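This report concerns only the one structure given below.
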Amino acid sequence: MTQSARGAQRYYIDMELITVTTRQRQELVDITAQVNAIIAASGVTEGLCHLWCNHTTAALTVNENADPDVKHDLLMALERIVAYDWPYRHAEGNSPAHVKSSLVGCQLNLPLADGKLALGTWQGVLFAEFDGPRRNRQVSVTVIPSC
């Protein structure tokens, strides 16, 4: 953040990376705290936070982060929707992960209020791993101030 000649605060849009390590073939990892830390460091109090998953076999979503059974149920439902034993043509053997990534989505635009994500009481930002375990998954976080 800088100050203009007229005294008004000006913010620069900056992108930061979060690195996520996953331990299972499929899992949902809560990254809400890491995203809020980047927002706090930016100095932006009102605006938008754009999150981008840099991978084709992972995704991002917002859902309940209080009850671990919700994460289990989401993964179980996706497993039923996208079977592993279909005759996929992709030679690497991870086609179901690509399909799940496309269904869930690779980006989020979330509102900011009071210098943090404006989420509901039970909501959290979840990184969805569909082709793990992986060590260096990355999520791009861009904080965009209100005009």
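Every value quoted in this text rests on a predicted model; they were computed, and no experiment measured them.
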Could you pull out the closest heavy-atom pair between [X] and [Y], with the gap in Å?
| X | Y | result |
| --- | --- | --- |
| Gly105 | Ala59 | O-CB, 3.0 Å |
| Trp122 | Ala66 | CE3-CB, 3.5 Å |
| Gln24 | Glu27 | N-OE2, 2.9 Å |
| Gly124 | Leu119 | CA-CD1, 4.1 Å |
| Arg23 | Pro133 | C-CB, 3.5 Å |
| Cys53 | Leu60 | N-CD1, 3.6 Å |

Check for a donor-acceptor pair, side chain of Arg134 on one end and backbone N or O of Asp131 on the other, with a separation under 3.5 Å.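 Between the backbone of Asp131 and the side chain of Arg134 there is a qualifying donor-acceptor contact (under 3.5 Å).
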Using modelled atom types only, decide if a donor and an acceptor are shared between the side chain of Thr21 and the backbone of Arg135 within a distance under 3.5 Å.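 A pair under 3.5 Å: yes.
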Looking at side-chain heavy atoms only, is the closest gap between [X] and [Y] below 4.5 Å?
| X | Y | result |
| --- | --- | --- |
| Val141 | Cys49 | yes |
| Val20 | Gln138 | no |
| Thr57 | Arg137 | yes |
| Thr45 | Ser146 | no |
| Glu79 | Tyr84 | yes |

Applying a strict under-4.5 Å side-chain criterion to I, L, V, M, F, W and Y, I'd like to know whether [X] and [Y] cluster together.
| X | Y | value |
| --- | --- | --- |
| Val104 | Val139 | no |
| Phe127 | Val62 | yes |
| Leu110 | Leu112 | yes |

Side-chain donor-acceptor pair under 3.5 Å between Asn54 and Ser140, yes or no?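 Present: a donor and an acceptor within the cut-off.
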Assess, by modelled atom type and distance only, whether the side chains of Thr22 and Glu129 contain a donor and an acceptor separated by less than 3.5 Å.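 Their side chains do contain a donor-acceptor pair, which is all the 3.5 Å distance test asks for.
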Euclidean distance, [Y] [atom2] relative to [X] [atom1], rounded to 0.5 Å:
| X | Y | atom1 | atom2 | result |
| --- | --- | --- | --- | --- |
| Arg25 | Asn94 | CZ | CG | 11.0 Å |
| Trp52 | Leu17 | CH2 | CG | 13.5 Å |
| Thr142 | Leu51 | OG1 | CG | 8.0 Å |
| Asp114 | Glu46 | CG | CD | 6.0 Å |
| Phe130 | Leu78 | CZ | CG | 5.0 Å |
| His50 | Leu108 | NE2 | CG | 8.5 Å |

Going by atom type alone, with no hydrogens or angles, which donor-acceptor pairs under 3.5 Å involve a side-chain atom of residues 28-39 and a protein atom two or more places apart or on another chain?
from	atom 1	to	atom 2	distance (Å)
Asp30	OD1	Thr32	N	2.9
Asp30	OD1	Thr32	OG1	2.6
Asp30	OD2	Asn65	ND2	3.1
Thr32	OG1	Val125	N	2.7
Asn36	OD1	Leu117	N	2.9

Considering residues, nucleotides and ligands other than His90, do more than 12 of their heavy atoms fall under 6.0 Å from its NE2?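 Enclosed: over 12 neighbouring heavy atoms sit under 6.0 Å from NE2 of His90.
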